[in-house]
Amino acid sequence: GLGLWVSSRREDQKSNKRKVQAVIFDLDGTLIDFEGVSHVALEAPLARRGAKLPWELHGKIVGRKAEDWSAQILEELKMPKTVLKAEKYVQDGLPG
């Protein structure tokens with residue numbers, strides 16, 4: 001996951017412009033546990049259909065495209081396409 005935090009201050013009191021003072025990137029999840037939140041989101045559509053997402057499988061899909069990880073998860077869990085298709089899984093797992 002990627003976390004981004006930006007600190008800024010007003011450049012001058014008469015302007016709404018801000019001067020960036022610091023930027024912090026969290027590329028490895030040290031500051032923000034994105035994987036925990038994503039695991040909950042990815043498991044929810046499966047749980048509604050009686051399945052669980054093992055952490056070992058979650059680890060295999062990190063950093064992959066949605067069309068790839070969704071198909072891999074459903075294939076490895078032996079989820080019938082009549083129950084859940086990869087496209088629907090992505091929609092249900094990544095709302096918005």
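Worth knowing before you read on, the calculation uses all heavy atoms, side chains too, and leaves out hydrogens, waters and symmetry mates. Just so it is clear, the model here is predicted, and its values are computed rather than measured.
Residues forming a side chain to side chain contact (heavy atoms under 4.5 Å, CB included) with V40 (at least two apart in sequence, or on another chain): none. Taking the salt bridge (charged side-chain N to carboxylate O under 4.0 Å, His left out) definition, one finds that K60 meets it with E76, sequence neighbours left out.
Salt bridge R49/D92: present, at least one basic N to carboxylate O contact under 4.0 Å.
Interatomic distance, L46 CG to K52 NZ, rounded to the nearest 0.5 Å: 11.0 Å. Note that the NZ atom of K81 and the CD atom of E75 stand 8.5 Å from one another [nearest 0.5 Å]. With rounding to the nearest 0.5 angstrom, the OG atom of S70 is 10.5 Å from the CD atom of Q91. Here the CD1 atom belonging to I73 is positioned 5.0 Å from the CG atom belonging to L57, to the nearest 0.5 angstrom.
Using bins of under 30°, 30° to 60° and over 60° for the plane-to-plane angle, the ring pair W69/Y89 lands in the perpendicular bin.
Annotation for H58 and S38: closest pair CE1-OG, 3.3 Å, computed over non-hydrogen atoms. Listed here is the closest heavy atom pair of E43 and L53: OE2-N, 2.9 Å.
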After noting the C-alpha distance and the side-chain angles of K88 and V83, does the key distance pass the side chain to side chain contact (heavy atoms under 4.5 Å, CB included) rule?
CA-CA 10 Å; K88 177 70 172 152; V83 175; over 6 Å; no

